[in-house]
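Read the structure below first, then the notes.
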Amino acid sequence: MTDSTIASKIDSLRSAIDTAAKSAGRDPNSVTLIAVAKTHDWAAVQQAMVANQFVFGENRVQEALSKYPKPSDRPTKMRLHLIGSLQSNKARQAAEFFDSIDSLDRESLALELVKIRDSGVKMPRLLIQVNTGAEPQKSGVLGTDADHFIATCLDQWNLPVKGLMCVPPLGQAPEPHFAMLAAIGKKFNLPQLSMGMSHDFESAIRLGATAVRVGTAIFGTRPKILELAHDQEAI
Ligand SMILES: *Cc1c(COP(=O)(O)O)cnc(C)c1O
């Protein structure tokens with residue numbers, strides 16, 4: 001894929017994001033585009049940077065470590081988000097490498113992050129992932145457990161939780177899920193809502209998304225074999 005292809009896809013995506021924000025009566029600058037570069041290489045990331053895109057999402061720690069420079073060597077504007085499920089034994093590496101961990105989904109991981117923070121590691125920004133569709137195969141705290149988990153993370157563990165992320169079930173209208181996430185966020189006065197992907201970011205923006213996560217519409221389809229490996233790690 002050429003520079004201009006990735007760059008022009010980013011440009012047209014940005015204008016679609018701007019239009020969706022304006023028609024929702026929102027400031028377009030209140031919506032961040034997270035370019036999801038999983039399975040794509042550093043060259044693709046560089047092509048996105050040509051289009052002034054510096055916020056990237058990855059769903060595997062190992063892949064990110066081998067793709068991006070270490071934090072002190074990155075362009076100052078670069079922000080890396082971990083958007084895939086995080087194994088506790090990789091939490092320290094993730095905390096040191098990412099600017100934001102958007103997939104905090106369980107108590108054992110929160111307790112591991114507390115330990116890591118207490119050992120002197122600067123905690124990245126955290127988002128709690130909510131399994132709004134209560135899908136057994138999907139990570140995230142259940143809607144019914146979200147209030148208690150969020151309150152515990154904030155009040156008892158003093159973790160820097162700034163918002164919520166969800167991935168609505170495939171084949172369902174996403175709007176009720178976005179609305180549910182927004183309602184939980186509002187209750188706790190959390191400023192960040194990461195919701196909306198390539199096919200549904202417009203309705204996510206209408207319902208309050210402050211970050212949309214787009215991969216395919218920027219970088220093209222992912223190789224099937226890698227996609228399978230990703231699915232397996234996510235389970
Ligand atoms: C892969 C992924 C995305 C991007 O999905 P696309 O359909 O390629 O835009 C967004 N969010 C999460 C959590 C993902 O794993």
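Whatever order the structure lists ligands and atoms in, that order sets their numbers, starting from 1.
Rounded to the nearest 0.5 Å, atoms CZ (R206) and CZ (R26) are 11.5 Å apart.
Side-chain contact between R213 and V167 is present, with heavy atoms from C-beta onward closer than 4.5 Å. Residues D200 and H177 fail the side-chain proximity criterion, which asks for heavy atoms closer than 4.5 Å. Residues I83 and S103 fail the side-chain proximity criterion, which asks for heavy atoms closer than 4.5 Å. At least one side-chain heavy atom of L164 sits under 4.5 Å from a side-chain heavy atom of I150.
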Extract all N/O-N/O pairs under 3.5 Å that connect ligand 1 to the protein, and present each with both atom names and the distance rounded to 0.1 Å.
unit_1   : atom_1 : unit_2 : atom_2 : d
ligand 1 : 8 (O)  : T216   : N      : 2.8
ligand 1 : 8 (O)  : T216   : OG1    : 2.6
ligand 1 : 8 (O)  : R222   : NH1    : 2.9
ligand 1 : 8 (O)  : R222   : NH2    : 3.1
ligand 1 : 9 (O)  : S198   : N      : 3.4
ligand 1 : 9 (O)  : S198   : OG     : 2.5
ligand 1 : 9 (O)  : G215   : N      : 2.9
ligand 1 : 11 (N) : R213   : NE     : 2.8
ligand 1 : 15 (O) : K38    : NZ     : 2.7

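Exactly one of E58, R74, E63 qualifies for a side-chain hydrogen bond (donor to acceptor under 3.5 Å, both in side chains) with Y68. That residue is E58.
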